[in-house]
Amino acid sequence: MKNLKLYSELCSKLQLQSNEEVVLFFAHDIERSRFFFASSANLIYTIHLSSFQNERTWGKASLPAEVNSIDLELNDYITAFEYHMEKEALIVGTCSGLLLQHSVDDNGTEVVGRVEGGVRCISPSPDGDLLAVTTGLGQALVMTNDWDLLYETTVEELREGVDVTEPTLSSTNESPISWRGDGKYFATLSEVCDSTSLLKRIKIWERDSGALHATSESKAFMGSVIEWMPSGAKIAAVYDRKAANECPSIVFFERNGLERISFGINEKIDATIEMLRWNCTSDLLAAIVRCEKHDSVKIWFFSNNHWYLKFEIRYLRQDGVRFMWDPAKPLQLICWTLGGHITIYNFIWNTAVMENSLALVIDDSEIHVTPLSVSLMPPPMYLFNLKFPSAVRDISLYSKNSKNRLAAFLSDGSLCVVGLPAPDAWEELEGKQFVIEASISESVFGSFVHLLWLDSHILLAVSHYGFNHYLSSTSSNEGELLGYYLQEIELVCSEDHVPGLLTCSGWHAKISYQNSLEGLIIGTASNPTKLCSAFIQFDGGKIFEYTTRMGALKHDDMSFSSSCPWMNVVSVGDNGLLKLLPFGLDDIGRLHVGGRILCNNCNSFSSYSNLADQVITHLILSTKQDLLYIVEISDILHGELDPKYENFIHTPNRRREENKNFINIWERGAKIVGVLHGDEAAVILQTTRGNLECIYPRKLVLASIINALVQGRFRDALLMVRRHRIDFNIIVDHCGWQAFLQSAAEFVRQVSNLNYITEFVCAIKNENITERLYKDLVSLPCSKDAKDAQARDSMGLGDNNKVSSVLLAIRKALEEKLPESPARELCILTTLARNDPPALEEALERIKVTREMELSGSNDPRRMSYPSAEEALKHLLWLSDSEAVFEAALGLYDLNLAAIVALNSQRDPKEFLPFLQELEQMPAVLMRYNIDLRLLRFRNALKHIVSAGDAHYEDCMNLMKKNPQLFPLGLQLITDPPKRKQILEAWGDHLNDEKCFEDAATTYLCCSSLEKALKSYRACGNWSGVFTVAGLLKMGKDEIMQLAHELCEELQALGKPGEAARIALEYCEDVNGGLNLLISAREWEEALRVAFMQRREDLISEVKNASLECASMLIDEYKEGLEKVGKYLTRYLAVRQRRLLLAAKIQSEERSMSDLDDDATSEASSNFSGMSAYTTGTRKSTASSIISSAASKARDTRRQRKRGKIRPGSADEEFALVEHLKGMCLTAGAKIELKSLLVSLVMLSEEETARKLQCAGENFQLSQMAAVKLAEDTMSTDIINEHAHTMERYIKKLTNEVKDSEAFNWRSKIFLSP
């Protein structure tokens, strides 16, 4: 579904030497971009393509040309003309048989041979190694570049009476030779040697030997037209069907001479085809068709087994038009006439799908119309078609405000306008054909290169008036209008528009405004935000805004950096404001957005709108790697393309496959032809074979669903979710489930389909899928802050369970918005069964009510609004676990209901009947107690057993001992003091067994069990509590003294010398022992206080010596620690540097292997990364793939156990060094001891020692903190700066930052350095 669009037409005139002279032949030098023309006066004209393209007068001046003469004998003239690339010379053949080699550069002509019968055709092989020449005697000579004859063969047997000594001009092009693209074969068309027949046949010859490879059947071929497709698939020729009273048809043959397919050219019987040419990519076939009143160049395209006539260019018959395709540019056509008028046509392929998803496919004089939003019909099928007076060249569609109008420019120069009905009436037009009349106009239109609607009654056209153009040659003002003009055409319809029908006639067109152009316009686009305004693009990419009757205004901010034949301007939203965004695709695959390049390998693009406000939200583009990208416009506006889309180039990497943001196009070369906007959210692709494929990208589908939800169209959103199999949770999570609670009633009212609601209820999960499943595909309309605010506003009860809250809201909405019915009741039961946790008891209560109504035989009309109890119960069992439903029925203490549940869940009666019968025989309280025990509802069980009386007190105690969490409830339920003491003592025993000694001691004290309280305090080392309880027990002095000695030893064993010292001093009266314990605990200030309190010099001296010894030891430790910090940091920097170097090497290796197979690349890179001790990757190989998961876990366990060790060369060495540096910091206890020691040294007049100690500690702490900071900074970067990442620099920086920080609050200001 694409149309051939003419986007530039350059023409000029070759100044011939005389009026009688005509141009006969053409040749092209690709390397030096030169055109050669041979005239009837044996002159050769040479023009350069650069001078032609720089010509901006479009025919107002003649082309500068070099003229060389070929000296021939009298009555001798040129009959064949080709450029030989290898020799860089022209090969000329004459009617007398001369073969000439003419060098254009030095104007030298050399006779290289002479053939008998004259030269009819010269055809070089595609590779340039051979040269084939056909003679007037029907011989084919195949020569090398050195003019050595390889072989000679007879290609055509002459009929009797033919005189070859006097060739005519009409016979100069007969007996052509057409080579296959690879040069292995060539084909000729020759007459059958039969005087009574004019039949011809195609012969295929082998290149190397000249042997006849195959021959076709004898047919009535027209002329000598034969052309082998460059790809080699088909040979094109022309059938003359006048005998069958039919127009000529183009027929295709295979290499073996068998006919393949054919098609008619849809012209009159007397039409003839004189020339066929394929373009270089073999997808377009052009022909010269000579009719009674005009000649035309027709271009066909093959797709889906149908030949479409895509373009027609008409010339006057006397012009004698000839053409050729550019050998390197498949969409450039070069035409020239006998009079020397040269025109270069540049085409592009445009999608036939318009912005409103209406496909308008041009085929000759018809337009096939297919609204893809109504029916996705593959070409060549269509819904209906429009028949025009002549071939359609260009079209433009207007579709705004429910008005649909189509303008078509025809090859005969007329303009047609069609009024189309509204889209909802198109289905009634299926299979119909509508004949369209040309508009009535007194103005003479030129050749429309671009056509665009400015408004529903104004067209903007770029019109070209040329020297020889058929469309303007018959005009009286041909001499006045010459060149390019920008014209406004006003349209008026004299017929009334009938709704639902087409307006095919009665249109009047008038040129209301025109302006000559000094530059070449290559693209136009309508302005979506402004009426009667459009954007025009000049050659070079400059964009101007054109406003009706006001001219053009340049927009530098919208201009492209190069010419972009494919152009579109869309309106986008940017923070609530409308903004215009121009997109352009140039001929080398660069997609431009304004002045910047978005993608360098794009082959097609389109845009998607949700149709709410016609604002484009997504850009869809396909790349030359056959990848489809869905790009959010916000990413383009905010410059977030590189991190998300990686320049739209996919490099095979299995780690990124899970998060890929593209779609693989399954068929190579497929392109985007259209997009279905709004809720359809589809992208239409067309493959190279021509078939259509419609895909629904998940990103667009989710965007359309969220858009419908934002607009409150819950039913539409739900239908899209079901159709595209999207997780139903998107309806709840798109703006936070708390916000959905407020819309639950509206959701139920709109959907109103209980089956759909039940399906939705069953899919609700306790997770946010927008943050997991669709996190890379959706951009939510609500920000996180808005969600939090909604959560605070909506959740006044503090329930944070998504499932239970949403289902509760749905349940309430069902009861309020929908009438009572069995289906509604089943849906409500579904909400209860799917609750989290399932509300099975509430569901059973509803079923129980229905069952009671059935048993009572009530005539309540409400019974008809509820399903039967059996149906409801089966529904509940289908949704829930049968065992859970049975236990819920037991929890209602309804044995009959439990029996019904068991029977409907297909359980064996032997399993449940004895149990239910046993329960039925028990008293009600004991029955409930046993049921609660079975269901593990111990709180209810305790309440029931307590209410059973004192006879069951032992059962009560056993229940609490087995379930200690019941002790508080037991104390609340039991008020008898003796029994309460027993409960408290049992609770204390439990706490004591659980090692909760403090709580156990408190519990024992509550029940006056002092001995057990004393043991509990002693077990937890609470010596103050021990002595307090000892006082309550009224122990004697000796017992307390003995207890104090025992506690002192126990505390020393537990590593608490400070507390042991207090007991020794306060209860044992052992001053020496207490002092020694204080010194061991490094409580220097307390030890010095006790020594001075006792006024004993020996104790003071002992404290002093111990403090000096400790200070000296700490100074040595800090110095040693300082050295270790430096050593570890040096080793870390070396390891880090090596890791970074190796990582850079691995990345360069992986980039070099990116063109390899994905599996091979992944395995190679993984194996390589596993070979180094300085990488954390695991080695992936064939052998390692069989290691069991148990072995891997064991290895991880050993690694965790050895994490404290630093193994040089290991993969974890870098992290182990950093962790070790962090672990060397001063602890809070060490800082307290250090501060206490400094104060004590000052009190003992050892200021110098204190100064040295503080200096050593400070240096160590600064170095350790600086080393950690340096390591953390280098871990977060890939570059290590030898000048910036130094220990001295970080210590200096840290010294200024932590002067008064809490980390150094242990220091004494008296010893700080100035």
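Counting begins at 1 with the first residue of the sequence. Atom set for the values below is all heavy atoms of this structure, side chains included, hydrogens, waters and symmetry mates excluded.
No more than 12 heavy atoms of other residues, nucleotides or ligands lie within 6.0 Å of NZ in Lys671, so this atom counts as exposed by the packing criterion. Counting non-hydrogen atoms of neighbouring residues, nucleotides and ligands closer than 6.0 angstrom, the NZ atom of Lys268 reaches no more than 12 such neighbours. By the neighbour-count criterion of 12 heavy atoms within 6.0 Å, atom CD of Glu667 is densely surrounded, having more than that number from other residues, nucleotides or ligands. In this structure, Glu430 places its CD atom where only 12 or fewer heavy-atom neighbours from other residues, nucleotides or ligands lie under 6.0 Å away. Counting non-hydrogen atoms of other residues, nucleotides and ligands closer than 6.0 Å to CD of Glu442 gives a total of 12 or fewer.
A donor-acceptor contact shorter than 3.5 Å is absent between the side chain of His341 and the backbone of Cys335. A donor-acceptor pair under 3.5 Å is formed between the side chain of His450 and the backbone N or O of Ile521. At least one donor-acceptor pair closer than 3.5 Å links the side chain of Lys310 to the backbone N or O of Lys2. In this structure, the side chain of Asp412 engages the main chain of Ser414 through a donor-acceptor pair within 3.5 Å. When atom types are taken as modelled, the side chain of Trp278 and the backbone of Leu285 share no donor-acceptor pair closer than 3.5 angstrom. The closest donor-acceptor contact from the side chain of Ser609 to the backbone of Val615 lies under 3.5 Å. Judged by distance alone, the side chain of Asn304 and the main-chain N or O of His306 form no donor-acceptor pair under 3.5 Å. Ser365 places no side-chain N or O within donor-acceptor distance of the main-chain N or O of Ala391, the cut-off being under 3.5 Å. Side-chain N or O atoms of Asp326 include none that pairs as donor or acceptor with a backbone N or O of Gln332 at under 3.5 Å. Here the side chain of Asp240 pairs a donor or acceptor atom with the backbone of Lys242 at under 3.5 angstrom.
The closest side-chain heavy-atom distance from Tyr484 to Val462 is below 4.5 Å. Contact of the Cys416 side chain with the Pro389 side chain is registered, since non-hydrogen atoms from C-beta on lie closer than 4.5 Å. With a 4.5 Å cut-off on side-chain heavy atoms, Ser456 and Lys400 do not count as touching. Counting heavy atoms from C-beta on, the side chains of Tyr382 and Val369 never come closer than 4.5 Å.
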Inset, instruction - Decide side-chain contact (heavy atoms from CB on, under 4.5 Å) for Met1 and Leu372; before the verdict, give the C-alpha distance in whole Å, the side-chain angles of both, and the deciding distance to 0.1 Å. - result: CA-CA 11 Å; Met1 283 191 172; Leu372 299 179; 4.1 Å; yes
Legend entry - Verdict with reasoning, Tyr308 to Ile362, per side-chain contact (heavy atoms from CB on, under 4.5 Å): CA-CA 8 Å; Tyr308 294 87; Ile362 296 175; over 6 Å; no
Inset, instruction - Report the C-alpha separation of Glu680 and Ser373 in whole Å, then their side-chain angles, then the decisive distance to 0.1 Å, and conclude whether the side chain to side chain donor-acceptor pair (under 3.5 Å) test is met. - result: CA-CA 8 Å; Glu680 288 296 326; Ser373 58; over 6 Å; no
Inset, instruction - Apply the test ring pair (Phe, Tyr, Trp, His ring centres under 6.0 Å) to residues Trp566 and Phe583: give CA-CA distance (whole Å), side-chain angles for both, the deciding distance (0.1 Å), then the verdict. - result: CA-CA 8 Å; Trp566 296 272; Phe583 290 98; over 10 Å; no
Inset, instruction - I would like to know whether Trp336 and Tyr315 meet ring pair (Phe, Tyr, Trp, His ring centres under 6.0 Å); could you show each step before the answer? - result: CA-CA 10 Å; Trp336 70 94; Tyr315 285 84; over 10 Å; no
Legend entry - side-chain contact (heavy atoms from CB on, under 4.5 Å) assessment of Phe448 paired with Leu415: CA-CA 10 Å; Phe448 286 172; Leu415 178 66; 4.3 Å; yes
Legend entry - ring pair (Phe, Tyr, Trp, His ring centres under 6.0 Å) evaluation trace for Trp349 with Phe301: CA-CA 11 Å; Trp349 281 115; Phe301 171 72; 4.8 Å; yes
Legend entry - CA sep, side-chain torsions, deciding dist, call: Asn346, Leu331, side-chain contact (heavy atoms from CB on, under 4.5 Å): CA-CA 6 Å; Asn346 291 301; Leu331 294 177; over 6 Å; no
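Between the side chains of Glu693 and Gln686, no donor N or O sits under 3.5 Å from an acceptor N or O. For the residue pair Asp394 / Ser396, no side-chain donor-acceptor distance below 3.5 Å is found, with atom types taken as modelled. With hydrogens and angles left out, the side-chain atoms of Ser622 and Ser604 include a donor and acceptor closer than 3.5 Å. A side-chain donor from one of Glu259 and Tyr239 sits under 3.5 Å from a side-chain acceptor of the other. No hydrogens or angles considered: nothing links the side chains of Thr337 and Asp319 as a donor-acceptor pair under 3.5 Å. Side-chain atoms of Thr617 and Asn610 form no donor-acceptor pair, as typed in the model, at a separation below 3.5 Å. Using modelled atom types and a 3.5 Å distance limit, the side chains of Glu9 and Thr343 yield no donor-acceptor pair. Inspection of the Arg668 and Thr687 side chains reveals no N or O donor paired with an N or O acceptor under 3.5 Å. Side-chain N/O atoms of Asn3 and Asn350 include no donor and acceptor closer than 3.5 Å. Side-chain contact, Thr524 with Gln537: no donor N or O sits under 3.5 Å from an acceptor N or O.
With rounding to the nearest 0.5 angstrom, the CZ atom of Phe445 is 10.0 Å from the CG atom of Leu451. The CD1 atom of Ile458 lies 6.0 Å from the CD atom of Glu490; values are rounded to the nearest 0.5 Å. Atom CE of Met377 is separated from atom NE2 of His368 by 12.5 Å, given to the nearest 0.5 angstrom. Note that the NE2 atom of His464 and the CG atom of Leu517 stand 11.0 Å from one another [nearest 0.5 Å]. Considering CG of Leu358 and CG of Leu360, their distance stands at 4.5 Å, rounded to 0.5 Å. For the atom pair Leu383 CG and Glu427 CD, the distance stands at 8.0 Å (nearest 0.5 Å).
The minimum heavy-atom distance linking Pro230 with Cys280 is given by the pair CB-O, 4.1 Å. In this structure, Cys694 and Ala682 approach most closely via the heavy-atom pair SG-CB, 3.5 Å. Phe605 and Leu591 get closest at one heavy-atom pair: CD2-CD1, 3.7 Å. Taking every heavy atom of both residues into account, Leu502 and Leu386 meet most closely at CD2-CD2, 3.5 Å. Cys247 approaches Glu267 most closely through the heavy-atom pair CB-O, 3.0 Å.
Put simply, the residue from Cys602, Cys564, Ser563 that forms a side chain to side chain contact (heavy atoms under 4.5 Å, CB included) with His592 is Cys564. Tested against Val225, the residues Thr272, Ile288, Val238 include a single side chain to side chain contact (heavy atoms under 4.5 Å, CB included) partner, Val238.
A salt bridge links Glu227 and Arg277; the closest N-O separation between the charged side-chain nitrogens and carboxylate oxygens is under 4.0 Å. Salt bridge status for Lys530 with Glu545: present, with a side-chain N to carboxylate O gap under 4.0 Å. Taking 4.0 Å as the cut-off between side-chain N and carboxylate O, Arg393 and Glu312 do not count as a salt-bridged pair.
Ring-centre distance between Phe538 and Phe544: below the 6.0 Å cut-off. Close placement of the Phe311 and Phe347 rings is indicated, their centers lying within 6.0 Å of each other.
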